[in-house]
Amino acid sequence: MNEHNPLTALDRPNSYIGRALPRPNLTRLLQGRGQYVSDMSLPRMAHVAFVRSPYAHARINGIDATEAKAMPGVVAVVTGKELAEVCTPWVGVLSHLKGLKSAPQHAIAVDRACWQGEAVCAVIAETRAAAEDAAERVMVDYEELEPVTDMMTALDSETPLIHPELGDNLAFERNLDVGEVDKAFAEADAVVEAEFVFGRHTGVTLEPRAVIGDWNPGEERLTVYQGTQAPHMMQNIIAKHLGLEEAQVRVVCKDVGGSFGIKVHVYPDEMAVVALSKLLRRPVKYVADRIESFNTDIHARDHRCKAKIAVKADGLITGFAIDDVTGIGPYSMYPRTSAIEANQVVNLVGGQYTNQNYRARTRVVFQNKNVTCQYRAVGHPIACSITEGLVDLAAREIGMDPAAMRRRNLIPDDAYPCAAASGLKFESLSHHASLDKLLSMMDYDGLRAEQAELRKRGIYRGIGLATFIEVTNPSAAFYGVGGARISSQDGVAIRLEATGRIIVQTSITEQGQGSEAITAQVAAHALGVPMERVRVILGDTDNTPYGGGTWASRAAGIGGEAAWQAGKALRTNILAVAASILQADADALDIVDAKVVDKGTDVERMPLEEVARIAYFRPDTLPPGFQPELMAVRHFVPREYPFAFTNGIQASWLEVDPDTGFVTLLKHWCVEDCGTIINPQLVDEQIRGGIVQGIGPALYEHCLYDERGQLTNASMADYLVPMASEMPDIEVGHVVSPTMESELGAKGAGEAGTAGAPAAVVNAVNDALAPFDVRIVEIPMTPEVILRALGKI
Amino acid sequence: MTASVSIKLTVNGETVTADVPPRMHLADFLRERLSLTGTHIGCEHGVCGACTVRLDGDIVRGCLVLAVQANGAAVETVEGVSDSGEIADLQEAFRQRNALQCGYCTPGMLLTAQELLAREETPDRETIREHMSGNYCRCTGYQAIVDAVETTARARAAART
Ligand code: FES
Ligand code: FES
């Protein structure tokens, strides 16, 4: 450090920010001693099994539960109509998504089931097995209705309406026309068009959704143990629909066995469980089995997008145009809605490039399949695949190297702040630095030479590049402005205990990303104490400040900054107490290693436990009128930019066997820029996990429905996910452009991997098969899809 | 309903007797009857490996073995091998390398990795990936797990020489 660049607040002793430290409390999970909701048991707890519709669309003419009620161990059988007395329906719309419509949805279907797997009746019994046995004896009189399954014909006049009162099957439409699109395409040297297809897939959290409702009639309070990412949002919604005050609902979130956006929504069956607890005045538990997970956990994607790009002979991109359709199931999901993904596609296409001519339309249609909603990297993999797919096709058309094509068009690193054609505002991105770093990490030229050499021997390897932008640190622009009570700010309360230990309560939540770890790192760093002294409490509406939780890559950037500010405030408070004890100037003191020291010399004056002892047990010895405050609370939300965009680039290196259509992934690289890195190991592991979750749908993952709306592969044996042997090693590099919205400068990193991986893999497959002049714009790229493209089947 | 069946087995070295329904699988028995909830359930159809336990020294899928089939057997779970210290080094390697995020796959991963390490002195990465392929992880992308297993194998091999 030279004197022109003095130590900043981030360079203090006990420097934990930027260090790859192991997460605290992992030992518990490593010994199988975590506590997931599925592990929990409460006295007098009953279990629910749901009777679910075998039809995609059916009228429920009657339910006969006589036999089921007589089965051993059965506590109650409750229909949708009966449950509606305790739990009001909802409509999943947001006012800022103009024109978005949906129909009222009940916790349990009342007189019509709208997708295969929708709950139509609940059976509550002493054990889950007894509940399942009895559920088989519930007689439902269904009248099958014509299902709407094909999203491409959902808007045709002859297609039946799923909700006649809405007038059509269109949930939402957005149009955007910026710049001179027609002129750009008319004057282009080359125009490339393609119709991109994105299969439906889902999150497959290894622990299925799980919830326990525990209504205590004596306290008139409902405690909900739930694997959720957003406890305060759930508290609000449960209270609202059960007719309770928010203060009567406590949501506790313990260990969560994977989430990825799957567990941030309001699921009708989970609402039914908490309502049943209130109705039956006892704890009620529900854990989805794997078939239920496939049929009812939100699905994602399911887009079909006609897209084109205009380019000049020198590689300059002069226009993008897209026409997108997505099928979201019979309802818009509550409360985040099912229009956000399509909206994001419109926002994000072409956003990494300088081009300002852009036309987009998206239509979001209803269909009788399971609902879709926000899953990791919402809209990003679609927008990135369209953009980067088109760029590669255009590069091929004009005979330009794909890396050179990107360099020609990416927004220059010194052009910020600036905006995308769609209006997204960028504070500071590093596309070119990232591209350069990636190309050198992967030895791009070397790989190209190797590829050419191998091709002569009949070995088809491909390189796929995918640049991306990622929405992180969302402000109220995401949900709050649309009227949803989903907080975009987070709060941290931090206190010095009597023994000199630190307790931090934060409103962000943990599902394995490392929220607890980064909170402890930042708090310990801000205070000047060893991290082992810090205990973090999260996931409990009774015991944390109010806040948003963990989703949309916001925990580190927003919750982390709140922890930083709270830590600094407590430090000031502690030094004020120490100064009054020592009759010193607080500004001349510092905290190092949990000791109050003289600033500059680090000579110890007193340990923190001594400050705490005097403040808590001998305040009589302090000067009159001086009140120690050994707890501090701070909240944070970004205000200047609606989102902190991050950027990055991925590359895939793979081999395709043109005889079998099999793809072998050889290596994957990612360079991303999430601003200040609090814990490099955790960021890298988010990127790696995210990439594999992007590779899954590129090659394997697909929810396959037949034309009657039946999900035909609702088991782990039939729905393929990436396994260890198929995945490549992934090299991760970073460029660091901190956001100036916060002192920490951290942006999110949770979705970058998933955003770019499918495009990189698709581009690599197309590159590998370039000698055959095929182009594949459909995922998952199963061997069948590849062989069809090669004309072999 | 079919009558319960009496079984007697050892679980993590303790003798256990119980009356169980014939259809109850071993993972449910461990979780619900013995509150050993470290054995997780991800699919209940033998695919994901979250329910992996040891039965008479061999790893099995707890959801594919009935509790009655474990009659007379010795069952070991992640809690047992944690307390015995048998996999302490492997657990530490997982911790250091952040080879777990949500931790739901972890007990199965540890028992599966330990089986490989007992059989092969220094398996290469491909062998590790191959061996771990019956255990799903949705969080990590697997690389950190492979790294942690590889690190442990090397450290054990070095300690032997
Ligand atoms: S729960 Fe047994 S293999 Fe998945
Ligand atoms: S750590 Fe979550 S499934 Fe492996």
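Values below: all heavy atoms of this structure, side chains included; hydrogens, waters and symmetry mates excluded.
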> Between A:E685 and chain B, which part of the residue has a heavy atom less than 4.5 Å away: side chain, backbone, both or neither?
Replying inline: both
>> Run the ring pair (Phe, Tyr, Trp, His ring centres under 6.0 Å) test on A:Y375 and A:H201 for me, step by step, so that the C-alpha distance in whole Å, both residues' side-chain angles and the decisive distance to 0.1 Å come before the verdict.
In response: CA-CA 10 Å; A:Y375 165 62; A:H201 56 88; 5.7 Å; yes
> For B:V78, is it the side chain, the backbone, both or neither that has a heavy atom under 4.5 Å from a heavy atom of chain A?
Replying inline: both
> Contact part of B:Y104 toward chain A, heavy-atom cut-off under 4.5 Å: side chain, backbone, both or neither?
Replying inline: both
> Are any non-hydrogen side-chain atoms of B:R138 and A:Q693 less than 4.5 angstrom apart?
Replying inline: yes
>> I'd like to know if the side chain of A:R209 pairs up with that of A:T296 as donor and acceptor (distance under 3.5 Å, no hydrogens or angles considered).
In response: yes
> Residues two or more places apart in sequence or in another chain: which of them pass salt bridge (charged side-chain N to carboxylate O under 4.0 Å, His left out) with B:D89?
Replying inline: B:R156
>> Using heavy-atom distances under 4.5 Å, tell me whether A:P208 contacts chain B through its side chain, its backbone, both, or neither.
In response: side chain
> In terms of heavy-atom proximity below 4.5 Å to chain B, should A:A20 be classed as side chain, backbone, both, or neither?
Replying inline: neither
> Of the backbone (N, CA, C, O) and the side chain (C-beta and beyond), which part of A:R688 lies under 4.5 Å from a heavy atom of chain B, both, or neither?
Replying inline: both
>> Less than 3.5 Å apart, any donor N or O on the side chain of A:S259 or A:Q229 sitting next to an acceptor on the other?
In response: yes
> At a heavy-atom separation under 4.5 Å, does B:I145 approach chain A through its side chain, its backbone, both, or neither?
Replying inline: neither
> Given that the side chain runs from C-beta out, which part of A:S38 has a heavy atom under 4.5 Å from chain B: side chain, backbone, both or neither?
Replying inline: both
>> Please classify the contact of B:T140 with chain A as side chain, backbone, both or neither, using a heavy-atom distance under 4.5 Å.
In response: backbone
>> With side-chain hydrogen bond (donor to acceptor under 3.5 Å, both in side chains) as the rule and sequence neighbours excluded, what pairs involving residues 35-57 of chain B come up?
In response: B:H25-B:E44, B:R54-B:E76, B:R54-B:E86
>> For chain A, which candidate among B:G80, B:G141, B:C102, B:A50 shows the most heavy-atom pairs at distances under 4.5 Å?
In response: B:C102
> Any chance the side chains of B:E115 and B:H131 put a donor and an acceptor closer than 3.5 Å?
Replying inline: yes
> In terms of heavy-atom pairs under 4.5 Å, which option from B:R31, B:M132, B:R97 contacts chain A the most?
Replying inline: B:R97
> Using non-hydrogen atoms only, which part of A:V204 is less than 4.5 Å away from chain B: side chain, backbone, both, or neither?
Replying inline: both
>> Report which part of A:D255 has an atom under 4.5 Å of a heavy atom belonging to chain B: side chain, backbone, both, or neither.
In response: neither
> Are A:S553 and A:E751 linked by a side-chain donor-acceptor pair shorter than 3.5 Å?
Replying inline: yes
> Non-hydrogen atoms of chain B under 4.5 Å away: do they reach the side chain of A:L206, the backbone, both or neither?
Replying inline: both
> Hey, are A:T205 and A:E207 close enough side-chain-wise for a donor-acceptor pair under 3.5 Å?
Replying inline: no
>> I need the residue from B:C139, B:G38, B:P107 with the largest number of non-hydrogen atom pairs under 4.5 Å to chain A.
In response: B:C139
> In terms of heavy-atom pairs under 4.5 Å, which option from B:T106, B:N98, B:V81 contacts chain A the most?
Replying inline: B:N98
>> Could you check whether B:Q91 and B:S82, counting side-chain N and O atoms only, form a donor-acceptor pair closer than 3.5 Å?
In response: yes
